[in-house]
Every structure is written in C-alpha cells, then in structure tokens.
Amino acid sequence: MPAMRSRLKTLTAAAVGCVLLSAAPAAADNEIGGGAQNPGSDSHASGNADEDGTVSSTASGIVYDRSKNGTGAKTGAVTPATNWTPPACWYAPKYSPAQFKKYVEPIWQAESTGSQWDLEQRKRYVDGGPYKNFNLDKAGEGYWWTSFSNDSYPPGWDACKKPVFWVDKGDPPPADTPEAITPEILAKLAYAEVRVPGTEVTLAPEGETKVNLPTWAWLDKAEFKPVSVTASIPVLGIQATTTAEPVSLKIDPGTKDAETYPASGVCPIDENGKIGEPYAKGKSKQDPPCGVKYLRSSGDGSYPLKATVTWKISWTGTGVNDPVGLPDGEFGADQEVVVEEIQAINR
C-alpha cells in the first residue's frame, strides 16, 4: 500500500484525469475535496457558486471551521471508544460544465489514455450517452460530482468507483451512490478533525508523593470545555457541527500497588463542570473526590500515571432532527509520579 500511495501522489495531470474519469479517487483531487479549508481557523472562505455556476476550489470539497476546536501544543485527536472509523471515500460536487470541459479535453488530446477509452468517455460526456456536450447548456443549474478519498487512505479509500456524474441543483444524488455527501457524512468527517487538550492532571502533592498519602487530582476547568468543528459544502448549503464535551476522567496509577478515588478510578464531571477538586489547606485528613493513594514506593524510579478523559460526541446538521449517535472518544497522557517511603523518626 505505501508504494501505491506514493505512485498516486506522483501521477501526471493526464494520468490523474484518466483515474478520475474512470472512477478511482485521485490523490490530486483528494487534496481539494478531501480537506479543503479556509486559511486560519475561521470559516469565511468564499464557497458559493458564481453567477455562471463556477465552483471555487474550496467549495468543490469540504470547508472546515476549526475556530472552536481545541488549541495548544499538547492537543490531540480523540480515539473512538469503539472500532468506528471516519468515511473512507465519498462523492461531492467538483465541476461546473465549463470547468469539466476544460479539465478533461486536454487529457483526451494528449492521447495517453488509449483511443478506446477516449471514445467511451466522449460518448458518455459529449455525444449524449447519457450527457451531451458536458451539459454546457445547463450552466448554473447543477454540478459534476466525483469521488474523493480520505487522505489517510484507510481500508475502502478506493471503493467509490462511480464515474463522474451530473446532479441538478436541488435534486438528490442517484440512489445507487450511498456515499454521496450528506450532513451525517460531514459530521463523521468533522469528528476526525476534532482536537482536545492534553490530559495532564494537576496533583497535590506535586511531583513527589508519599506511600499511603492520598494524592489529589483535578483538571483545569478553563481548558476542559466543549470543543467543536464544523464541516460544510457551501454550494450544497449543507453543514454539520460535531461537538466533543468532557464527561469523566479515568485515573490509572501505573501500578497494582495503589488505590484510586473513587474505587473505579473514574472521576465524573460535576454540576459546575469540574473534574476533581483542587487540594486546599485543611483537607489533609480527607479522601479526595478524585485521586490516588500509592501503597508502595517507586524506588529509584517512578510510576507512569495515565489520565484519560472521556469526551461525549454529539452532532447537529442541516435538516437533521434526530441525528444518529457517534461513539464517545478518549484522549489520555502519561505523567511520571515519584513515590517515597515515609521516613520514620527515631526518638
């Protein structure tokens, strides 16, 4: 597979055109339709069709608004709690009639794709079988759709094999194209773009703790708040927003010689949006609502405490009243904890 990906990325324009028209997703197209986005985080790139029906490069694919996404050096993608994966390929509008004609004719003129193939393509898109003259007489009334693949090339990335096809504005794509872009597919693609803050908990005592001493753990409420990404296709007037909201923190002490608070190790978010509680003077004899107690020294080393936040995933989309649920996601990180024996004092 790596060799195939490399070859796809180095195809000539003529070869890319050949692959596109014969329905296999082309790498050059994936860069436009698979992840086109406006500069920066805000979603203010032009994406609507011009008066003549021309589709802009960003509008031909998916525009992502990441302005409400997680930020910071330690952000990362959530891992779905199930074996769920984002869509491997999909169909979306790419060309106006004039754009399609301008794109495909040089491929035919190069005569690098074989006379039989050229003849079949001319018959399909020019001679009325079923389209006539690239549908130039329908400029502004619809778009040519083609396939795009996930740029991570997951299994099934090359499954969208339908040749380039026409869809009138306001009409649904053909029934035999279940991978045609929808708000639900946009929501799934936005899920893959969600980034959440790093999961380093604050501990008290900090850095080093003692055997049998309860260690308090909590997360910064200011950092752990809902994040979201919106994916849209402006020429179709559809969009979806996928939101990740923190719901709990799981503490794994990194050793069996430890106890967690609560016993399950899962610290829920409270009604005030907090996970865990900061330690305060005077609470030394209390058990923390979220934390850990080590029962054995870490010796000359340390224990790799792992903190994992579960993020509840939800989405909304154009015209969708009862969205199908997406799996919760998780994101965690390790941090080293040194545990020392309590020194006895001889009197």
(Q) Show every disulfide bond (SG atoms under 2.5 Å apart) that has at least one partner inside residues 175-225, sequence neighbours left out. (A) none
Q) With the 4.5 Å side-chain cut-off for hydrophobic clustering, are V126 and Y143 part of the same group? A) yes
Q) Please, which pairs that meet disulfide bond (SG atoms under 2.5 Å apart) have at least one residue in residues 92-144, sequence neighbours excluded? A) none
Q) With sequence neighbours left out, which residue pairs that include part of residues 230-269 fulfil the disulfide bond (SG atoms under 2.5 Å apart) condition? A) C267-C290
Q | Pairing residues for W166 by the ring-ring contact (aromatic ring centres under 6.0 Å, His included) criterion, not counting sequence neighbours | A | W144
Q. Excluding sequence neighbours, so at least two apart, what forms side chain to side chain contact (heavy atoms under 4.5 Å, CB included) with T318?
A. P183, I238, Q239
Q | Qualifying side-chain hydrogen bond (donor to acceptor under 3.5 Å, both in side chains) pairs with a residue from residues 73-88, counting only residues at least two apart or across chains | A | K74-E200
(Q) For S228, give me all partners under side chain to side chain contact (heavy atoms under 4.5 Å, CB included), at least two apart in sequence or on another chain. (A) K68, T241, T243
Q: Output yes when a side-chain donor or acceptor of D65 lies under 3.5 Å from a complementary backbone atom of S67, and no otherwise.
A: yes
Q. Who pairs with T182 by side chain to side chain contact (heavy atoms under 4.5 Å, CB included), at least two apart in sequence or on another chain?
A. E184, I185
Q: Go through the structure and list residues passing ring-ring contact (aromatic ring centres under 6.0 Å, His included) with Y261, not counting sequence neighbours.
A: none
Q.
Show, in sequence, the C-alpha distance, side-chain angles and deciding distance for L189 and I181, and conclude whether the side-chain contact (heavy atoms from CB on, under 4.5 Å) test is met.
A. CA-CA 10 Å; L189 293 169; I181 200 74; 4.3 Å; yes
Q) Aromatic ring centroids of F134 and Y95 under 6.0 Å? A) no
Q.
If you define the side chain from C-beta out and look only at heavy atoms, does anything of I233 sit under 4.5 Å from P93?
A. yes
Q. How would you list all residue pairs meeting side-chain hydrogen bond (donor to acceptor under 3.5 Å, both in side chains) that involve residues 290-314, not counting sequence neighbours?
A. D257-R296, S302-E336
Q: Please confirm whether the backbone N or O of V201 pairs with a side-chain atom of Q335, one donor and one acceptor, at under 3.5 Å?
A: yes
Q: Examine distances only and state if a side-chain atom of T260 and a backbone atom of P262 form a donor-acceptor pair shorter than 3.5 Å.
A: yes
(Q) I'd like to check the salt bridge (charged side-chain N to carboxylate O under 4.0 Å, His left out) partners of D168; sequence neighbours left out, ordered by chain and number. (A) K138
Q) Of all heavy-atom pairs between P174 and F165, which one has the smallest distance, and what is that distance? A) CD-CE1, 3.6 Å
Q) Does anything in residues 173-214 pair up under disulfide bond (SG atoms under 2.5 Å apart), and if so which pairs, sequence neighbours excluded? A) none
**Q.** Salt-bridge criterion met for E277 and K283 (N-O under 4.0 Å)
**A.** yes
Q: Report yes if some heavy atom in the side chain of Q286 is under 4.5 Å from a heavy atom in the side chain of W216; otherwise report no.
A: yes
